[in-house]
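Take a look at the structure below.
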Amino acid sequence: MRIVLGVGGGIAAYKVASLLRLFTEAGHHVTVIPTEAATRFVGTATWEALSGNPVSNSVFDDVHQVNHVRLGHEADLVVIAPATADLLAKAATGQAGDLLTNTLLMAHGPVLFAPAMHTEMWQHPATRANVETLRGRGAAVLEPASGRLTGSDSGPGRLPEPDAIFDAAMALVHGQTDFQLPLAGKTVTISAGGTREPLDPVRFLGNRSSGKQGVALAVAARNAGATVRLLSAHMEVPPPPGVDVVNVETALQLREAALAAAVDSDVVIMSAAVADFRPADISDTKIKKRDDTADPVITLVRNPDILQELVERRNQGIAGPAAGGQLIVGFAAETGDQHGDVLAYAEAKLQRKGCDLLVVNHVGSDKVFGKDTNSVVILARSGSEPQEASGTKADVSAAIISRIGFELNQVSPRA
Ligand code: C5P
């Protein structure tokens with residue numbers, strides 16, 4: 001496929017080098033056209049080296065090839081990233097002062113804008129009108145992601161992650177014209193990893209959760225356009241970039257963080273392995289090993305069920321977005337026995353906990369923990385057919401996030 005990648009003059013231009021890589025590695029022929037301002041952020045040499053093609057933004061270079069007409073005409077896809085307020089305005093008003101804007105006027109195929117700018121610029125009525133004009137003409141304009149901006153402030157205006165732009169571009173080429181990132185504008189809280197319950201200053205009761213599934217979910221939700229809060233218990237993998245991280249250790253700390261984050265979250269996903277019990281007493285000093293004392297006995301007390309509490313608070317209207325129901329997703333690691341199979345137990349758990357979706361892992365001795373692959377069944381409280389998903393944890397996460405997107409677009413209120 002022939003792709004024109006137009007790069008606008010914003011700091012996010014550096015991320016577009018990764019997007020270019022994704023296109024070329026997928027075998028596409030990419031011509032990069034940076035604006036004059038874009039080359040102040042990332043130089044022409046970078047675009048030429050990564051694309052393997054000459055780079056210019058002048059209508060007066062290689063005039064004999066009539067680039068200002070040919071490039072747009074031949075392109076199967078034009079992607080503009082970052083689409084700055086200036087570029088959106090120029091495109092909306094049909095200006096043709098340089099090679100990129102000429103190319104946009106000549107484009108016959110799909111055109112995708114991935115905006116990035118400061119929140120106030122994005123929300124300015126002028127930009128809103130330009131975006132509406134472009135969408136009205138059939139161009140796809142992504143919602144920018146929310147989060148940290150160039151300075152210390154944050155809000156909508158971040159360039160969507162390169163793989164999210166890549167996915168959107170491929171969807172557009174395959175005829176999906178009315179798409180938006182499925183979780184654009186949504187806040188998603190995800191707990192991940194395993195809690196640790198201290199016995200004394202050096203020992204704890206823990207579990208084998210690696211956090212890989214929770215992190216893969218955070219990446220998938222972020223790529224789907226959501227603002228992601230990752231409540232990280234103990235994890236063997238680092239949190240991904242582009243998400244807000246709250247570190248916790250124990251179930252009680254996770255409870256506090258989850259209840260606080262849930263207040264204004266559209267979606268809460270409890271993928272953490274939460275300890276059901278904790279030691280009743282935590283010794284201030286290391287429990288000593290002495291020959292003259294009896295073997296220590298550890299008394300355990302139950303931890304609160306955070307998932308259940310989240311559901312109760314949502315049902316009471318204490319938590320969740322003002323505009324509608326909050327979607328709550330639980331995880332279950334189940335085994336079957338002589339009284340019932342995995343799904344029967346999972347179904348009972350779904351009803352007991354009252355969450356909207358329950359992602360069920362079939363746990364064998366070494367099937368899930370720490371592995372890079374997973375196989376799950378997604379059960380819905382609405383009673384719709386169980387849905388299976390398997391593959392890498394990224395594949396499984398993509399299926400879960402796309403199911404969440406689908407459920408959020410159903411109008412019926414939850415609770
Ligand atoms: O009851 P069970 O532990 O099998 O349920 C698993 C689900 O409940 C997971 O989503 C887990 O994150 C959540 N959970 C919780 N609080 C607990 C125990 C589990 O939120 N104390």
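In listed order, ligands and their atoms are each counted from 1. Since this is a predicted model, take the numbers as computed values, not measurements.
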When you check ligand 1 against the protein, what N or O pairs turn up below 3.5 Å? List the atom names and distances, or just say none.
unit_1   : atom_1 : unit_2 : atom_2 : d
ligand 1 : 1 (O)  : K353   : NZ     : 2.9
ligand 1 : 4 (O)  : K349   : NZ     : 2.2
ligand 1 : 5 (O)  : K353   : NZ     : 2.9
ligand 1 : 8 (O)  : K353   : NZ     : 3.1
ligand 1 : 10 (O) : M270   : O      : 2.6
ligand 1 : 10 (O) : F331   : N      : 2.8
ligand 1 : 10 (O) : F331   : O      : 3.3
ligand 1 : 12 (O) : M270   : O      : 3.2
ligand 1 : 12 (O) : A272   : O      : 2.8
ligand 1 : 16 (N) : I306   : N      : 3.0
ligand 1 : 20 (O) : I306   : N      : 3.4
ligand 1 : 20 (O) : L307   : N      : 2.8
ligand 1 : 21 (N) : P304   : O      : 2.8

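- Remark: T103 OG1 to I80 CD1 distance equals 8.5 Å, nearest 0.5 Å.
- Cation-pi contact between R158 and W122: absent, since separation from the ring centre below 6.0 Å together with deviation from the ring axis within 45° is not met.
- The pair R255-E309 meets the salt-bridge criterion, since a charged nitrogen lies less than 4.0 angstrom from a carboxylate oxygen.
- A salt bridge is defined here as a Lys NZ or Arg NE, NH1 or NH2 lying under 4.0 Å from an Asp or Glu carboxylate O, and D200 with K288 fails to meet this definition.
- Each ring-ring contact (aromatic ring centres under 6.0 Å, His included) pair with one or both residues in residues 134-174, not counting sequence neighbours, appears once here: F23-F166.
- The pair R2-D76 does not count as a salt bridge, with every side-chain nitrogen at least 4.0 angstrom from each carboxylate oxygen.
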